[in-house]
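Take a look at the structure set out below.
Everything quoted here is computed from the prediction, not taken from an experiment. Below, read A as the first sequence line, B as the second, and so on, with proteins coming before strands; counting in each chain starts at 1.
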Protein chains: 2
Amino acid sequence: MPDTTRRADRLPGNRYGNRPTMKDVAARAGVGLKTVSRVVNGEPGVTPETERRVQEAIDALGFRRNDSARVLRKGRTASIGLVLEDLADPFYGPLSRAVEEVARAHGALLINGSSAEDPDREQELVLALCARRVDGLVVIPAGDDHRYLEPELKAGVATVFVDRPAGRIDADVVVSDNFGGARDGVAHLIAHGHRRIGFIGDMPRIHTAAERLRGYRAAMADAGIPIEDSWMSLGVTDPVRVRRAAEEMLADPRPVTAIFTGNNRVTVTVIRVLAEQTRGVALVGFDDIELADLLQPGVTVVAQDAAALGRTAAERLFRQLDGTLLAPDRIELPTRLVTRGSGELPPAD
Amino acid sequence: MPDTTRRADRLPGNRYGNRPTMKDVAARAGVGLKTVSRVVNGEPGVTPETERRVQEAIDALGFRRNDSARVLRKGRTASIGLVLEDLADPFYGPLSRAVEEVARAHGALLINGSSAEDPDREQELVLALCARRVDGLVVIPAGDDHRYLEPELKAGVATVFVDRPAGRIDADVVVSDNFGGARDGVAHLIAHGHRRIGFIGDMPRIHTAAERLRGYRAAMADAGIPIEDSWMSLGVTDPVRVRRAAEEMLADPRPVTAIFTGNNRVTVTVIRVLAEQTRGVALVGFDDIELADLLQPGVTVVAQDAAALGRTAAERLFRQLDGTLLAPDRIELPTRLVTRGSGELPPAD
DNA sequence: CCCGCATCTGACAACGTTGTCCAGGCTCTA
DNA sequence: TAGAGCCTGGACAACGTTGTCAGATGCGGG
């Protein structure tokens, strides 16, 4: 039957609201403290009869072991921290889930937080996680200086950076091939006859954004196409400014005939702008987008495997904890060009 | 400069890898233990000169307070747990983020886990969170019996269920108006002339699915339309089976002229099926979908505000912790019908 | 019958922090 | 100059658990 006491009646009298401890269980079962501990942890050396009595007391009192005390004693928390940019971004959902699954397979819980792309908030979060003595950290860095982590690394906190490299510190890194992916995407547009290709991306201080920009430049250089300043818009992700940037590129007397977008959020906004254009403008976007295949035309993208990023990072993390992984390394996962129509439109000039 | 020692050299010798403690800081600064504690916690009663010396020692040693010990002493962990169905589902991303923001505003961290719609896994996760003595729990239940939480509620763990109600226990609940939303969505189709309307949804053992089905039935009953069994497909969410279900409804000699879909995943698959049809079939889906406005036609949906669900739940949680919230209650948030075209198509018969 | 051994159990310290309380030194006033 | 009061700092216990170690119990063999 449901508990019908009013909440006020069961508010904590003391700190944990009078939660029973092993001592209480021991008293009720008429055994010693350590015996309860043995039962709770499934250690051998307890007769079935004693175990039964202890188990009864545990159930009767609703005892739950206090992991804080346990951690204090044992030194391992069986939890890992994940700091990412924004949990609500569809790119990070699968990444986060993949980290969680690996953690679960190793019996660890996941504590996570969003940095909102703010380096201070990133540091604050990371240090809060360290204070909780997480066994390891998976970090999608917002900042570019992680020397504040040196004491943690020295203390043996396993650490892996994902999606973007660590700054000024030697640590494991798992990233996508942002440069190569962007270069291939832009080369794809060039191969379909485009010469005037726009680029709209995030602030170059964000490593992924810088790499994708570098890929754009490289593809253009490889094709011997000089880039005009008006084709590039950097540090722009909010819808209003992306829209303006795209519209300006298209309003030019010699407008771009194709646009390469630097991440999923930019792509979505540019799709909206292009949908309003009468002339066909080609588009290749970095990051895949749900339903991209159902739009008219389908959206050609350079897809990253977010789940693989998370999984790879988490697996490396636990290998660090195992001790089977020694030197920090940098892993680069390939991207995949998914052609769906928008990237294969011919230049409309 | 980066730390170039090989990882093996800095592996833990003892438990926390020789992390400095307050005692070490005190020794180095030449002060007492409690004085360090005072500095770390910003308590008054320390001269600036002493504080400076302590701070220097902290920086030199890379000291970080051990929150496990702190929690053990203080009884509050400043963390809350969130158990949801799947972090990778785009519906839960914003919900999770909203919970996180509220937690952050209250100085708490978020620990979360995915139940994968498995009641046992939900319980396992919840109890693991309780063992860590989270101050509160936000749970999107997978199971329908939560009596295992009774000891926790008695012990004063703040608890709020979101998206679906708790089973067999008296607790705070924040849900969307699934019944009303579905009824309005189906009524919208009826208002546009449809009589033969299909329903594809999840297992009715999931509360939201059952409520939406109830809404469908209610709207049909209100219009005096008897429902034929072949119009309903329940317990179906994976793409293959949703596709088959939709195709069967449309292949009938007297096919449905409109489909109401029970959640975002079903909607996406049905959109694909309808895109292949020559005849126009109307569609209203429960849950909003990114880019729904850019499809041809735009997808009419009954939108829930996932962020509001999360925010409301988390705020109630902290009000429980404040003590400003006494009796458990049930909050129902409204849904919003967003018309974009697919729901306004006339019947094609 | 007593000793030795194996098996089960419990007392105790320790983990790192914070709350309580008291000591010592200072200033201020009478 | 002595006493009162304030300010700073430190000793100590406690939080709930686990590792260590030693005691108790029972049993079989000499």
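Counting to the nearest Å, the P atom of C:dC12 and the CZ atom of A:Arg73 are 16 Å from each other. Whole-Å rounding puts the B:Arg132 CZ to D:dT17 P distance at 14 Å. If you measure from atom CE of A:Met22 to atom P of C:dC15, you get 19 Å, rounded to the nearest angstrom. The interatomic distance linking A:Arg53 (CZ) with C:dC8 (P) rounds to 15 Å, in whole Å. Distance, A:Leu72 CG to D:dG19 C1': 13 Å, rounded to whole Å. The NZ atom of B:Lys23 sits 14 Å away from the C1' atom of D:dG10 (whole-angstrom rounding). A straight line from CZ of B:Arg70 to P of D:dG16 spans 17 Å, rounded to a whole angstrom. One can place CZ of B:Arg76 at 14 Å from P of C:dG19, the figure rounded to the nearest angstrom.
Between the B:Arg133 side chain and the B:Cys130 main chain, a donor and an acceptor come within less than 3.5 Å of each other.
Contacts of A:Pro20 classified as side-chain contact (heavy atoms from CB on, under 4.5 Å), with partners at least two apart in sequence or in another chain: A:Asp24, A:Leu61, A:Phe63. Listed by chain and number, the residues in a side-chain contact (heavy atoms from CB on, under 4.5 Å) with B:Asp89 are B:Glu85, B:Asp86, B:Phe91, B:Tyr92, B:Asn264, B:Arg265 (sequence neighbours excluded). For B:Asp67, the salt bridge (charged side-chain N to carboxylate O under 4.0 Å, His left out) partners at least two apart in sequence or on another chain are A:Arg132, B:Arg65. Every ring-ring contact (aromatic ring centres under 6.0 Å, His included) that A:Phe161 has, sequence neighbours left out, goes to A:His146. Not counting sequence neighbours, the partners of B:Ala313 by the side-chain contact (heavy atoms from CB on, under 4.5 Å) test are B:Val138, B:Val160, B:Val162, B:Val174. Judged as a side-chain contact (heavy atoms from CB on, under 4.5 Å), and not counting sequence neighbours, the contacts of B:Asp120 are B:Asp118. For A:Glu51, there are no salt bridge (charged side-chain N to carboxylate O under 4.0 Å, His left out) partners, not counting sequence neighbours. The ring-ring contact (aromatic ring centres under 6.0 Å, His included) check on B:Phe318 picks up B:His106, with sequence neighbours excluded.
Remark: B:Arg65 is in phosphate contact with C:dT18, judged by side-chain N or O atoms under 4.0 Å from OP1 or OP2.
For the helix from C:dC1-D:dG30 to C:dA30-D:dT1, the angle separating the two terminal helix axes comes to 60°, with each axis derived from five pairs and the value rounded to 10°.
B:Arg104 and B:Glu100 are not joined by a salt bridge, as no carboxylate oxygen comes within less than 4.0 angstrom of a charged side-chain nitrogen.
A ring pair (Phe, Tyr, Trp, His ring centres under 6.0 Å) check over residues 33-56 of chain B, counting only residues at least two apart or in different chains, returns nothing.
Near DNA chain C, meaning a heavy atom under 4.0 Å away, the residues from residues 30-50 of chain B are B:Leu33, B:Lys34, B:Ser37, B:Asn41, B:Glu43.
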Considering only nitrogen or oxygen atoms on both sides, find all protein atoms under 3.5 Å from nucleotides 23-25 of chain C and state each distance.
none

